[in-house]
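Counting convention: from 1, in listed order, for ligands and their atoms alike.
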Amino acid sequence: MNLSKDQARVVQHGEGALLVVAGPGSGKTRVLTERVRRLVCESDGHFRVLALTFTNKAANEMRERLKEIPDIHQRAFIGTLHSFCMEVLTSRGQQVGIDGAPNLFEQFQDRKQVLRQAMLADPEFRQILLSKGSVRDQDKALWQFLDAISDAKGQLLLPDAVEDSRFGRLYLAYDQGMRASRAIDYDDLLLLTYRLFLERPKIAGFYRRLYRYICIDEAQDLNEAQYRLLQALCGSSYRNLMMVGDPKQAIFQWNGAHPKYLDLFERDFEAQRIALNQNFRSSAAVVEIAVRLSPDYEVEGEYPIAGEVTVLRGRDEEDEARQVIAYLLDLQASGHADIEGEITLDRCAILGRNRYVFNRLEPALSREGWTYYKHLSTQQESESDLLEDFEICLRLLANPGDRLHLEQLLNRWRIDVSESDRPEPLDCSALMQQLERFPSGNPRRVILEAVQRLDLNDSELRLGPALDHLAAYADDALKDDDRAMVLQDISQWRKDWDRFVRRASGLQRSLRTFLGQIALGATQQPREDGLALLTVHSAKGLEFDVVVIMGMMEGVFPDYRAAGSALDEERRNLFVAATRSKRLLCFSYAEQRMMPWGSSKAQIPSRFLQQLGLT
Ligand SMILES: Nc1ncnc2c1ncn2[C@@H]1O[C@H](COP(=O)(O)OP(=O)(O)OP(=O)(O)O)[C@@H](O)[C@H]1O
């Protein structure tokens with residue numbers, strides 16, 4: 001393995017805090033992985049390494065690169081900070097009211113419902129909510145309140161510590177609603193683990209002894225809660241923390257993240273600093289675009305391959321999609337002097353500022369018969385009612401106290417039970433009693449029969465037979481689109497299950513752990529076959545020979561809501577997007593766009609194209 005002199009210094013670093021600040025393609029992921037390998041393979045003693053990544057994709061990538069180390073699961077925890085918190089709370093969470101693996105309400109709709117019910121149950125909040133008028137306006141208000149609660153949790157504030165006491169009461173009511181379903185939200189993972197380390201220093205001490213070294217990737221995206229959680233874990237004397245980050249790739253400030261934590265880390269932990277200034281990934285043409293986007297981006301050395309930047313202009317979005325496909329078809333047919341070998345679709349990616357950019361492209365790709373996959377957000381949701389209902393049943397079996405999903409299921413299945421005879425807590429047999437209500441062949445009965453096949457009494461849960469039962473029903477009883485949708489969902493569940501089982505060594509193979517891993521996005525496949533369709537945020541850390549950035553129009557990229565410092569973040573978004581390319585970079589835009597309200601509107605090319613001298 002060839003490493004540059006500075007990369008080798010990082011890999012060889014021993015005790016003490018270390019900050020690595022480095023640009024795109026400078027080998028951050030590589031040095032992080034190699035350092036974990038060296039620590040695990042070369043250092044003596046019984047200890048583990050804690051390798052924290054910002055995304056599951058990055059964790060998968062690191063695991064993949066280290067998989068030949070036989071006992072890697074025992075020697076290192078490789079995952080996101082949220083997954084680490086999940087593990088801590090699963091084994092030590094009793095001290096903060098968590099019994100076993102936490103039940104996560106990861107879906108916005110569920111949290112919204114919890115808050116709605118909490119507000120309706122309180123006369124003052126009820127009045128506030130109903131005064132908003134239409135359901136749509138109420139939803140908007142709920143969304144804003146949830147955002148504010150998430151902000152408070154992001155600053156590690158408990159309900160009694162927020163300034164506005166009425167808001168504190170609302171926050172408390174929401175939390176109580178979550179706890180009534182024995183559930184927590186994503187922010188709670190950090191907040192509760194922070195509290196645990198702070199209130200029970202012995203537990204933090206235990207984890208410090210267990211993990212002699214901590215390595216953190218993408219540290220420019222840390223937020224207040226994450227930084228303070230790490231401080232609480234490290235205490236006043238633990239210093240074996242390494243952070244790797246790039247302030248120019250900070251694209252989560254909208255979510256409370258800030259690169260200032262890199263500087264705070266350097267100060268608070270008296271960290272040594274190493275800069276990596278080469279770009280081992282991108283051709284000269286791509287690096288030039290990156291420098292124009294971020295003039296203080298200093299790159300050492302010149303990449304020996306020229307590369308190419310192309311701009312495509314479509315009359316409308318359909319035409320834009322057509323041109324992008326033609327561009328890729330041409331590369332596949334003729335190759336390119338700067339790219340060795342055949343240019344297959346899995347060497348290419350199409351990036352969009354948001355998921356809607358692909359609306360016209362996807363049908364066109366399907367018409368061409370191209371294999372493609374989408375990674376647009378961390379959460380994968382079932383699209384068919386059958387699998388949605390099945391998932392709710394699994395949630396109820398994993399967490400019989402889950403009142404929210406019990407209610408959802410009763411509503412969806414139009415089962416009218418009065419409060420008094422509601423099957424609560426819902427155990428497997430109570431759920432099974434419902435079987436009798438539905439005639440044979442009814443989809444609800446099929447779901448419950450599938451649930452019966454889970455064999456929950458076995459310590460090793462098996463999902464396959466349940467999914468087989470659902471698939472057999474779809475094959476027999478459903479037609480066309482419905483059947484395709486169900487089978488697609490089942491295939492997704494099978495993939496999630498396979499990845500969970502493969503990764504589960506060290507994790508309990510229980511329904512609750514499985515659902516927790518899905519909720520954390522930890523079962524998602526990092527790369528699939530075919531052309532990648534990615535939002536900029538989900539393209540982070542990836543690289544492709546050919547990158548096309550579609551939808552380069554004002555209002556799309558930059559986003560129409562961006563103003564002031566958010567515009568700087570848009571520019572960093574483009575910096576991240578462009579630097580995913582190893583060789584060829586292509587921008588595309590449409591001159592006309594169909595607006596959501598149905599009329600066509602003339603488009604202005606993105607200001608960034610102009611600033612880059614490309615229009
Ligand atoms: N010393 C090296 N010699 C040759 N290639 C290298 C070297 N270091 C890294 N690379 C290659 O450069 C590319 C970028 O490396 P890596 O993904 O680790 O960078 P990064 O800093 O994490 O990038 P980003 O922050 O943009 O995601 C990879 O293809 C990697 O294999």
query = Does anything in residues 247-268 pair up under salt bridge (charged side-chain N to carboxylate O under 4.0 Å, His left out), and if so which pairs, sequence neighbours excluded?
reply = Glu266-Arg273
inquiry  = For His258 and Phe252, I'd like to know if the aromatic rings sit close, meaning centre-to-centre distance below 6.0 Å.
reply    = no
Dump all N/O pairs between ligand 1 and the protein below 3.5 Å as a table: atom names plus distance, one pair per row.
| residue | atom | partner | partner atom | Å |
| --- | --- | --- | --- | --- |
| ligand 1 | 1 (N) | Asn2 | O | 3.3 |
| ligand 1 | 1 (N) | Gln7 | OE1 | 2.8 |
| ligand 1 | 5 (N) | Arg30 | NH1 | 3.0 |
| ligand 1 | 8 (N) | Gln7 | NE2 | 3.0 |
| ligand 1 | 8 (N) | Arg30 | NH1 | 3.1 |
| ligand 1 | 10 (N) | Arg30 | NH1 | 2.9 |
| ligand 1 | 17 (O) | Arg281 | NH2 | 3.2 |
| ligand 1 | 18 (O) | Thr29 | N | 3.3 |
| ligand 1 | 18 (O) | Arg30 | N | 3.0 |
| ligand 1 | 19 (O) | Gly27 | N | 3.1 |
| ligand 1 | 21 (O) | Ser26 | N | 3.2 |
| ligand 1 | 21 (O) | Gly27 | N | 3.1 |
| ligand 1 | 21 (O) | Lys28 | N | 2.8 |
| ligand 1 | 21 (O) | Lys28 | NZ | 2.9 |
| ligand 1 | 22 (O) | Thr29 | N | 3.0 |
| ligand 1 | 22 (O) | Thr29 | OG1 | 2.6 |
| ligand 1 | 23 (O) | Gly25 | N | 3.1 |
| ligand 1 | 23 (O) | Arg281 | NH2 | 3.0 |
| ligand 1 | 25 (O) | Lys28 | NZ | 2.6 |
| ligand 1 | 25 (O) | Gln249 | NE2 | 3.1 |
| ligand 1 | 26 (O) | Gly25 | N | 3.1 |
| ligand 1 | 26 (O) | Arg281 | NH1 | 2.7 |
| ligand 1 | 26 (O) | Arg580 | NH1 | 3.4 |
| ligand 1 | 26 (O) | Arg580 | NH2 | 2.9 |
| ligand 1 | 27 (O) | Arg281 | NH2 | 3.4 |
| ligand 1 | 27 (O) | Arg580 | NH1 | 3.1 |
| ligand 1 | 29 (O) | Glu543 | OE1 | 3.2 |
| ligand 1 | 29 (O) | Glu543 | OE2 | 2.6 |

key: All pairs passing ring pair (Phe, Tyr, Trp, His ring centres under 6.0 Å) where residues 264-286 contributes a residue, at least two apart   = Phe265-Phe269
inquiry  = Let's go through Arg583 and Glu340 carefully: what are the C-alpha distance in whole Å and the side-chain angles of both, what is the deciding distance for salt bridge (Lys or Arg N to Asp or Glu O under 4.0 Å) to 0.1 Å, and is it a yes or a no?
reply    = CA-CA 10 Å; Arg583 303 294 163 85; Glu340 313 79 40; 2.9 Å; yes
ask   = Looking at residues at least two apart in the chain, or sitting in another chain, which of them share a ring pair (Phe, Tyr, Trp, His ring centres under 6.0 Å) with Tyr213?
value = Phe47
key: Sidechain N-carboxylate O distance under 4.0 Å for Asp217, Lys28   = no
